[in-house]
Trainee: 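The structure's right below; bear with me while I get my questions together.
Nothing fancy with the numbering, it's 1 onward along the sequence. The basis for the numbers below is simple: all heavy atoms, side chains too, and nothing from hydrogens, waters or symmetry mates.
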Amino acid sequence: MEGLLPNDRPTIDFMILADYVEALHGKLYMMGGAWENIGVSDFSQPLTLSLAVGVQIPWNATNRQHVLSIDVQSADADQIAEVDSTIMVGRPPFLEEGASQRQSMALKIPLQLPGPGTYVIVASINGIEDRRLIFRAMATQQANMFPPG
């Protein structure tokens, strides 16, 4: 982003796949978190991934609008889904000068997986890739073995 030094750019602190995620008052509430394998009973049906994301906003990046982009890709880098979210964090009066802040987010990603295999979640902030998360989808006869979120 124009006007920011590399150490002043927002960065992704963490990404966690979960069955359900909610962000409320700066806290994340999740059920069935930190999975990396999902069982899918019918790949012809859409599903929703829940993703907990923590973005660290440095002091010099506050009071500016930032765009978090989440792309779900196949192992061959074919795009399956994309979700964009805008982040803007101010400076509360109690914050010490130079301190960074974490913005916690709960994202729902609607998608349809083409079939069993490995998938990659690519997260970028302001067009700069920052983090990747890999998960695997497998066919299962038990729909609730690995709930889709």
Trainee: Would you say Ile134 and Thr118 make side-chain contact, with heavy atoms under 4.5 Å?
Mentor: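 Yes, close enough: below the 4.5 Å cut-off.
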
Trainee: Just wondering, do Lys108 and Tyr20 contact through their side chains at under 4.5 Å, heavy atoms?
Mentor: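 A side-chain contact exists here, since the closest heavy-atom pair is under 4.5 Å.
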
Trainee: Mark yes or no for whether Gln101, through its side chain, and Gly90, through its backbone, hold a donor-acceptor pair below 3.5 Å.
Mentor: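 Between the backbone of Gly90 and the side chain of Gln101 there is a qualifying donor-acceptor contact (under 3.5 Å).
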
Trainee: Which heavy atom of Met105 sits nearest to which heavy atom of Leu68, and what is that distance?
Mentor: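 Taking every non-hydrogen atom into account, SD-CD2, 3.8 Å.
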
Trainee: Short question: side chain of Arg64, backbone of Met88 - any donor-acceptor pair under 3.5 Å?
Mentor: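 No; judged by distance alone, with no hydrogens or angles, the pair does not exist.
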
Trainee: Does a donor on one side chain sit under 3.5 Å from an acceptor on the other, for Gln56 and Ser100?
Mentor: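 There is such a pair between these side chains.
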
Trainee: Flag the pair Ile70 / Asp84 as yes when at least one side-chain heavy-atom distance between them is below 4.5 Å, and no otherwise.
Mentor: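 Not in contact.
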
Trainee: Assess the residue pair Phe14 and Arg102 against the criterion (side chain to side chain contact (heavy atoms under 4.5 Å, CB included)); give the C-alpha distance rounded to whole Å, side-chain angles, the decisive distance to 0.1 Å, and a yes or no.
Mentor: CA-CA 10 Å; Phe14 61 82; Arg102 177 181 295 131; 3.8 Å; yes

Trainee: Once the angle between the rings of Tyr119 and Phe135 is folded into 0 to 90°, is it parallel (under 30°), tilted (30 to 60°) or perpendicular (over 60°)?
Mentor: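 If you compare the ring of Tyr119 with that of Phe135, the planes turn out parallel.
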
Trainee: Taking side chain to side chain donor-acceptor pair (under 3.5 Å) as the test, write out the residues that go with Glu97, two or more places apart.
Mentor: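 Result, side chain to side chain donor-acceptor pair (under 3.5 Å) vs Glu97: none returned.
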
Trainee: Mind checking the CD1-CG spacing from Ile38 to Leu49? Nearest 0.5 Å is all I need.
Mentor: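 That separation rounds to 6.0 Å.
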
Trainee: Tell me whether His66 contacts the main-chain N or O of Ala61 through its side chain, where contact means a donor paired with an acceptor under 3.5 Å.
Mentor: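 At least one qualifying donor-acceptor pair exists.
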
Trainee: Tell me whether Asp130 contacts the main-chain N or O of Ile12 through its side chain, where contact means a donor paired with an acceptor under 3.5 Å.
Mentor: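 Side chain of Asp130 to backbone of Ile12, a donor-acceptor pair under 3.5 Å: yes, one is there.
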
Trainee: Check the pair Asp71 / Ile121 against side chain to side chain contact (heavy atoms under 4.5 Å, CB included), numbers first and verdict last.
Mentor: CA-CA 6 Å; Asp71 290 322; Ile121 297 174; over 6 Å; no

Trainee: Let me confirm one number: the OG-CD distance from Ser69 to Glu82, rounded to the nearest 0.5 Å.
Mentor: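 If I round to the nearest 0.5 Å, the distance is 5.5 Å.
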
Trainee: Start with the C-alpha distance between Thr48 and Ile109, add both sets of side-chain angles, then the distance that settles side chain to side chain contact (heavy atoms under 4.5 Å, CB included), and finish with yes or no.
Mentor: CA-CA 5 Å; Thr48 300; Ile109 307 168; 5.7 Å; no

Trainee: Looking at Ser104, is its backbone amide N or carbonyl O close enough to the side chain of Lys27 to form a donor-acceptor pair, meaning the two atoms are under 3.5 Å apart?
Mentor: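 Answer holds: no.
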
Trainee: On a heavy-atom basis, which atom in Met15 and which in Arg132 lie closest, and how many Å separate them?
Mentor: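 Answer, listing the atom of Met15 first, then Arg132: CE-C, 4.0 Å.
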
Trainee: To the nearest 0.5 Å, what is the distance between OG (Ser85) and CG (Leu107)?
Mentor: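 Between atom OG of Ser85 and atom CG of Leu107 there are 5.5 Å.
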
Trainee: Verify the cluster assignment for Val83 and Val55: are they in a single hydrophobic cluster under the rule of side-chain heavy atoms below 4.5 Å apart?
Mentor: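 Same cluster.
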
Trainee: Under a 3.5 Å threshold, yes or no: a donor from one side chain and an acceptor from the other, between Ser44 and Asp42?
Mentor: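 Per modelled atom types, Ser44 and Asp42 side chains form a pair under 3.5 Å.
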
Trainee: When you compare the side chain of Ile125 with that of Thr11, does any pair of heavy atoms fall below 4.5 Å?
Mentor: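 When only atoms from C-beta onward are counted, Ile125 and Thr11 do not touch, as no gap falls below 4.5 Å.
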
Trainee: Going by heavy atoms in the side chains, are Met30 and Ile16 under 4.5 Å from each other?
Mentor: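 Touching, per the 4.5 Å side-chain cut-off.
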
Trainee: Check whether any side-chain heavy atom of Val72 lies under 4.5 Å from a side-chain heavy atom of Val120, and answer yes or no.
Mentor: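 Val72 vs Val120: side chains apart.
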
Trainee: Would you say Leu51 and Val53 make side-chain contact, with heavy atoms under 4.5 Å?
Mentor: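 A side-chain contact exists here, since the closest heavy-atom pair is under 4.5 Å.
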
Trainee: Quick one: pull up CD1 in Ile87 and CG in Asn126 and give me the separation to the nearest 0.5 Å.
Mentor: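 One gets 8.0 Å once the value is rounded to the nearest 0.5 Å.
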
Trainee: Under a 3.5 Å cutoff, is there a donor and acceptor pairing between the side chains of Thr62 and Arg91?
Mentor: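 Yes - a donor-acceptor pair under 3.5 Å links their side chains.
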
Trainee: Between CG of Leu17 and OG of Ser50, what distance do you get to the nearest 0.5 Å?
Mentor: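 If we round to the nearest 0.5 Å, Leu17:CG and Ser50:OG are 8.5 Å apart.
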
Trainee: If every non-hydrogen atom of Ala81 is compared with every non-hydrogen atom of Pro110, which pair is closest and at what distance?
Mentor: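 Reported closest heavy-atom pair: CB-O, 3.7 Å.
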
Trainee: For the residue pair Glu129 and Val122, establish whether any side-chain heavy-atom pair is separated by less than 4.5 Å.
Mentor: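 A side-chain contact under 4.5 Å exists here.
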
Trainee: Could you walk me through whether Leu28 and Glu22 pass the side chain to side chain contact (heavy atoms under 4.5 Å, CB included) check?
Mentor: CA-CA 6 Å; Leu28 288 169; Glu22 185 175 350; over 6 Å; no

